[in-house]
Amino acid sequence: SEEVYEFRIQGLEIEGQGLYLVTTIVDRSEERHRERLLRALLREVSHRSKNLLAIIQSIALQTARYSVTLDMFLNKFRGRLYSLSQSQDLITDSSWRGAYFYELVRQQTEKYLPENAHLVRVSGDNVLLTPNASLHLGLALHELIVNAVSHGSLVKNGRAIAVTCHRMQVNGQDSLEIRWDEGLSRASDRLESSQTEEMLKANFGSTVLERVVPASVNGKARYHITADRISYSLVFPIDHISE
């Protein structure tokens, strides 16, 4: 069933000898296989492009909702688009299989810590995330590192952010837990009031972390801010991980 042949039959008249039939058989199996593969790839590109455009549209709408000026919108929107493009590069490099967790963290954080990469320490299982999980987790990491750099304590206190990834069982189901643990050590760096916490959480970053990302991977998230610590955890089923 995988073999395709083309039969060409042509009449040929030779003077003084009569009419002959010349039959040529051409094996088109490999050519047809390449055509089917190309069509499948084009359909996949179209599908992924539509998904990516839907994500971008959602980011644009939510960013606009939490931006009071055009400059604020452009600044945040550009950062989030950059985050998506970085994750998409990893997915493309892997022939659309996804992105490895360690590489995803490094790529999403190194832009904001060019001379202090040691301040983000990654440990645990270096799993290959699916394309969908890679894009959304990359967006969550982007929000977390931007918040860490924005509130100014990360470089000053010198305490590394711990980012971990572990396989676990949740209600008998194989799952993955991603954790971000950022400590604020000096009194001058601490979040000194609930008003500051509300300011940090009442923005699109909180919406991404607590709603958009977990919903996209069928998981649950917890974003917690205290006087001396910022933590984020995301747990989602293993079927959103590429083996």
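Side-chain atoms are counted along with the backbone in the values below, which use heavy atoms only and exclude waters and symmetry mates. Everything numeric here is computed off the predicted structure, so don't read it as measured data.
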List in chain and number order the residues that pass side-chain contact (heavy atoms from CB on, under 4.5 Å) with [X], two or more places apart in sequence or in another chain; answer none if no residue qualifies.
{"X": "Leu70", "value": "Phe73, Leu74"}
{"X": "Thr164", "value": "Ser123, His166, Arg179"}
{"X": "Leu37", "value": "Leu41"}
{"X": "Leu19", "value": "Glu13"}

Legend entry - Val217, Asn51, Leu84 screened by side chain to side chain contact (heavy atoms under 4.5 Å, CB included) with Leu135, the one that passes: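 For Leu135, the side chain to side chain contact (heavy atoms under 4.5 Å, CB included) check succeeds only for Leu84.
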
For [X], give me all partners under ring pair (Phe, Tyr, Trp, His ring centres under 6.0 Å), at least two apart in sequence or on another chain.
{"X": "Tyr82", "answer": "none"}
{"X": "His142", "answer": "Tyr112"}
{"X": "Tyr100", "answer": "none"}

Evaluate the side-chain proximity of [Y] to [X]: yes if any heavy-atom separation is below 4.5 Å, no if none is.
{"X": "Ile59", "Y": "Leu139", "value": "yes"}
{"X": "Ile230", "Y": "Asn147", "value": "no"}
{"X": "Phe101", "Y": "Leu176", "value": "no"}
{"X": "Trp180", "Y": "Ile145", "value": "yes"}
{"X": "Val213", "Y": "Phe236", "value": "no"}
{"X": "Glu3", "Y": "Asp27", "value": "no"}

Legend entry - Summary of salt bridge (charged side-chain N to carboxylate O under 4.0 Å, His left out) pairs that have at least one residue in residues 104-116, sequence neighbours excluded: Glu103-Arg106, Arg106-Glu110

Legend entry - Pairs where residues 37-58 contributes a residue and the test salt bridge (charged side-chain N to carboxylate O under 4.0 Å, His left out) is met, not counting sequence neighbours: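 Residue pairs passing salt bridge (charged side-chain N to carboxylate O under 4.0 Å, His left out), neighbours aside: Glu44-Arg48.
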
Looking only at heavy atoms, what is the nearest atom pair of [X] and [Y], with distance?
{"X": "Gly11", "Y": "Leu21", "value": "CA-CD2, 4.0 Å"}
{"X": "Ser134", "Y": "Ile91", "value": "CB-CD1, 4.0 Å"}
{"X": "Leu128", "Y": "Gly98", "value": "CD1-C, 3.8 Å"}
{"X": "Glu210", "Y": "Ala221", "value": "CA-CB, 4.5 Å"}
{"X": "Lys76", "Y": "Tyr66", "value": "NZ-O, 3.9 Å"}
{"X": "Ser29", "Y": "Val4", "value": "OG-N, 2.8 Å"}

[X] side chain to [Y] main-chain N or O, any donor-acceptor pair under 3.5 Å?
{"X": "Ser49", "Y": "Val45", "answer": "yes"}
{"X": "Asn126", "Y": "Tyr102", "answer": "yes"}
{"X": "Asn171", "Y": "Gln173", "answer": "no"}
{"X": "Thr92", "Y": "Gln88", "answer": "yes"}
{"X": "Tyr232", "Y": "Leu144", "answer": "no"}
{"X": "Ser94", "Y": "Ala99", "answer": "no"}

Inset, instruction - Identify, with sequence neighbours excluded, every residue that meets salt bridge (Lys or Arg N to Asp or Glu O under 4.0 Å) alongside Arg28. - result: Glu6, Glu31

Inset, instruction - Check salt bridge (Lys or Arg N to Asp or Glu O under 4.0 Å) between Asp125 and all other residues, then give those that pass, not counting sequence neighbours. - result: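 Asp125 satisfies salt bridge (Lys or Arg N to Asp or Glu O under 4.0 Å) with no other residue.
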
Legend entry - side-chain hydrogen bond (donor to acceptor under 3.5 Å, both in side chains) partners of Tyr20, counting only residues at least two apart: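 Tyr20: no side-chain hydrogen bond (donor to acceptor under 3.5 Å, both in side chains) contacts found.
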
Between [X] and [Y], is there a shared hydrophobic cluster once you connect ILVMFWY residues whose side-chain heavy atoms come closer than 4.5 Å?
{"X": "Val170", "Y": "Val127", "result": "no"}
{"X": "Leu81", "Y": "Ile55", "result": "yes"}
{"X": "Leu129", "Y": "Val235", "result": "no"}

Inset, instruction - Please test Arg80 against Glu143 for side-chain contact (heavy atoms from CB on, under 4.5 Å), starting from the C-alpha separation and ending with a verdict. - result: CA-CA 8 Å; Arg80 286 155 186 164; Glu143 298 300 327; 2.6 Å; yes

Legend entry - side-chain contact (heavy atoms from CB on, under 4.5 Å) assessment of Asn116 paired with His118: CA-CA 5 Å; Asn116 297 277; His118 64 283; 3.7 Å; yes

Inset, instruction - Before accepting this row, confirm whether a basic side-chain N of the pair Arg167/Asp174 lies closer than 4.0 Å to the acidic partner's carboxylate O. - result: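 Answer for the salt bridge query: no.
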
Inset, instruction - Run the salt-bridge test on Arg32 and Glu2 with the 4.0 Å N-O cut-off and return the result as yes or no. - result: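 Judged by the 4.0 Å cut-off on N to carboxylate O distance, Arg32 and Glu2 do not form a salt bridge.
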
Inset, instruction - Could you walk me through whether Ile56 and Phe77 pass side-chain contact (heavy atoms from CB on, under 4.5 Å), step by step? - result: CA-CA 9 Å; Ile56 292 171; Phe77 187 60; 4.1 Å; yes

If we count only N and O atoms by modelled type, under 3.5 Å, do the side chains of [X] and [Y] hold a donor and an acceptor together?
{"X": "Thr69", "Y": "Asp71", "answer": "no"}
{"X": "Glu177", "Y": "Ser233", "answer": "no"}
{"X": "Ser87", "Y": "Gln108", "answer": "yes"}

Legend entry - Exceeds 12 heavy-atom contacts within 6.0 angstrom, atom CD of Gln10: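 Check fails, neighbour count at 12 or below.
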
Inset, instruction - Report the distance from atom NE2 of His136 to atom OG1 of Thr130, rounding to the nearest 0.5 Å. - result: 10.0 Å

